[in-house]
Structures are given as C-alpha cells and as structure tokens.
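Since the structure comes first, as structure tokens, the remarks are kept for the end.
By convention in this document, chain letters (A, B, ...) are assigned in the order of the sequence lines, proteins followed by strands, and residues within each chain are numbered from 1. Computed from heavy atoms alone, side chains included, the values below leave out hydrogens, waters and symmetry copies.
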2 protein chains.
Amino acid sequence: MNKEEQLKLSSQVCFPIYSVSRLLTKAYKPYLDRMGITYPQYLVLLVLWENDSVTVNEITSKLYLNTNTVSPLLKRMEAAHLIERKRSKSDERSVLIELTLKGKELKTIASEVPDKLLQVLLTTNVQLPDIMTLKETLEEWIEVLSEQKNKENK
Amino acid sequence: MNKEEQLKLSSQVCFPIYSVSRLLTKAYKPYLDRMGITYPQYLVLLVLWENDSVTVNEITSKLYLNTNTVSPLLKRMEAAHLIERKRSKSDERSVLIELTLKGKELKTIASEVPDKLLQVLLTTNVQLPDIMTLKETLEEWIEVLSEQKNKENK
DNA sequence: TACTTTTGTATCGTGCACGACACAAATTAC
DNA sequence: GTAATTTGTGTCGTGCACGATACAAAAGTA
C-alpha cells in the first residue's frame, strides 16, 4: 500500500477507533441520562466506587485525562451532589474526592449497564474472546501513547 | 465475572477505546499542527481528497458526525481558506464543499503522516495483521452502533 | 534562612460533539 | 394547487478535551 492509498478514509486505522469511541459514548447515553451523569463522569465514578478517597491527581492518571479537564468535571459533579471535595490535611495542595451517599447509591443502578452494552456489541460476528484480544491490543497502545506524551515533556 | 466486577475500571471494554481515541488524536497533533488543522478537520480533508465535490450531508454520513458538528467545523476550514462552500444548483438546500488550491496542496504533506503513526503503534507486540483484525472488529461495531442510533429515531 | 524548582490544582480560550430546535427548499398528499 | 411532511443545513446551549498559563504549597538547594 503506497502513501496515496494510505490517505483513503477506508485505510485509516485511527478513524474507526475515533468513530467507535463516539458511538459508544452515544450508546451509553440513554442509561447514563437516567442517572443524570455523562460518560466521563461515569468513568470518575468507576474510580471512586473502587477507592474511597482519591486525589484529583490519581483520577487524572487513572483516566489519562488532564487536570484542566477533570477539575471542572468534578465541580459539576459536586454541584450535582455526587461527590465532595476537601483539602488533604497531609498535603494542602491536594484535593481529596469522596462520594456522597447519592454517589454511592448510583453504583447499584450502574451495575446493570456494562452488560447491556456488551450485548449490543455481541450482536455482531465479534465474540467475547475477540473483545478480550482487542482490549489487550488497546491497552498496549495506551502504554506506548501515554509514554509518548511524557517523552515530549522531558 | 459478576456485575460488581464488571464495574471495575480495568474490566471496562469501552474505556480503552475512549482513551486510545484521545491519545491518538494527541499523537496526530504535532503533525497536524504543522498543517494548521485539527484531527476532525483532517478527516474532512481525507473525504475531500477522494471526492472533488461533496455535500455537507455526504461528509456527515461518511464520518458518522452530526451536521451541527460539521457545519461550524467547515466554517472554520473556510475561514482558513482550505475549502469553499457553494449552494448546489440542482438542490438549493444542499451546500457543496470543494477544496481550494491550498487544501489540495496539503495532501502532499499529509501523505507522510499515517505511516509515522503506524510506526509508533508497531513499537508494541501488536503487529500489522493484528491491526487489520482490530480494524475489522471496530468496523462491525460501527455498523451496529450507527444503526442502533437510527432505530431510536424511528 | 532565602532562593529555586517541583508539584497539585485551577482558570482561560479554542475546538469539537451533540441534543434541541429553527427554517427554508423540496417532496408528498389530498 | 395548497397544505402537510420530509430533507438539508444551520444556530444555540452544555459538556468535554487540551494547550497555555497562573499560583500557592511543598520540596530541594545553597
């Protein structure tokens, strides 16, 4: 395949990733709407359902997002009474994020969601083992791409 | 795997897709910056390098984007003198998008980009055949997920 | 101790992304 | 041939996503 052919939309590898990402967020929407949250907010909740008290920094590194994305996002979640923000006593620069009762309760409703999405994806020829392989591939790429970014900073 | 376990961040399938999508856009950035365009604008150019004259509608359906995303995007591209917009004579509702000379010339510079990105992705254990498989999986999902959306509209 | 650097978080500006809605041109129905 | 509907594009408001930048707290250094 020459360079001319690589420039065809159908040859691009990144394009389907970009499209599926957006379409998946859209597929999540009806379920998340019922909970009054967005997809990035759902990701923050996933982190918080696993860890009682995390700093902003921990959230950004787990989700590979910048603080300037997460900060306003957390503000909206605080305004929606899903989380609380308090300064760490050990390090006054850090902000600790904790779930409110309302935020904790959403976990029960949310537990129904991943399986429903999985069922949609399985209506194709793609089966569970294929999905696991795909996930591993993507996780390798996350490793490379998130390091790539660090290189340029240094 | 029970529902509790599915709610772990590490168990989510959509999350790596979401992350890789964003990280790839970021990896494209230095190359696209040199051309003075963004990743979604690059996608529009890919369509236009293949087709001399397309309507807004054709762009939205090829990229799975809404008109209310593409319209302002095209306006910015027109302001940057990359494209021209003219009303179709056969159907006064349609707007035809065509490349300017500047827009056509970018194709040469752009032809170097996809391969560079591919090289980054190949620094992992993931090899070209794996990427092709991944691409096919994602394209199947695009089919299902973009139909899913149409279902709800009807 | 005073100075410099690093770290953790946040604000600002720009560009998507999309739901809700608007509106005119074209098509269809009666 | 006029009214109702569909189609193609666009505006508006909200929420990310991120580069550039700011700033205070903490850590390191002379």
Kindly give the heavy-atom pair with the smallest separation between B:Gln12 and A:Tyr42, and that separation in Å. NE2-OH, 3.3 Å

Heavy-atom side-chain contact between [X] and [Y] under 4.5 Å:
X: B:Leu138; Y: A:Ile17; result: yes
X: B:Arg34; Y: B:Ile109; result: no
X: B:Thr60; Y: B:Asn66; result: no
X: A:Glu98; Y: A:Asp52; result: no
X: B:Met35; Y: B:Leu32; result: yes
X: B:Leu43; Y: B:Leu65; result: no
X: B:Val95; Y: B:Arg87; result: yes
X: A:Trp141; Y: B:Val120; result: no

Contact class for B:Thr69 (heavy atom, under 4.0 Å): base, sugar-phosphate, or nothing?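 Base contact.
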
Within the pair [X] and [N], is there a side-chain N or O less than 4.0 Å away from OP1 or OP2?
X: B:Arg85; N: D:dG10; answer: yes
X: A:Lys29; N: C:dG19; answer: no
X: A:Asn66; N: D:dG19; answer: yes

Set out, line by line, the N/O atom pairs under 3.5 Å between protein and nucleotides 6-8 of chain D.
{"from": "D:dT7", "atom 1": "O2", "to": "B:Arg93", "atom 2": "NH1", "distance (Å)": "3.0"}
{"from": "D:dG8", "atom 1": "OP2", "to": "B:Asn57", "atom 2": "ND2", "distance (Å)": "3.3"}

B:Asn125 backbone acceptor or donor facing A:Glu140 side chain under 3.5 Å: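 Judged by distance alone, yes, a pair lies under 3.5 Å.
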
Is there a residue in residues 70-82 of chain B whose heavy atoms reach under 4.0 Å of DNA chain C, and which residues are they? B:Leu73, B:Arg76

Consider the side chain of [X], meaning its heavy atoms from C-beta on, and name the nucleotide among [options] that approaches it most closely.
X: A:Asn68; options: D:dT9, D:dC18, C:dA17; result: D:dC18
X: A:Tyr18; options: C:dA17, D:dG19, D:dC16; result: C:dA17
X: A:Gln41; options: D:dC16, D:dG10, C:dA25; result: D:dC16

If I take atom [atom1] in residue [X] and atom [atom2] in nucleotide [N], what distance separates them, rounded to the nearest angstrom?
X: A:Leu63; N: D:dA17; atom1: CG; atom2: C1'; answer: 13 Å
X: A:Glu92; N: C:dA10; atom1: CD; atom2: C1'; answer: 16 Å
X: B:Tyr39; N: D:dG19; atom1: OH; atom2: P; answer: 17 Å
X: A:Ile59; N: C:dA10; atom1: CD1; atom2: P; answer: 10 Å
X: B:Met35; N: C:dG15; atom1: CE; atom2: P; answer: 17 Å
X: A:Leu65; N: C:dA10; atom1: CG; atom2: P; answer: 14 Å
X: A:Asp33; N: C:dA20; atom1: CG; atom2: P; answer: 9 Å
X: A:Glu58; N: C:dT9; atom1: CD; atom2: P; answer: 8 Å

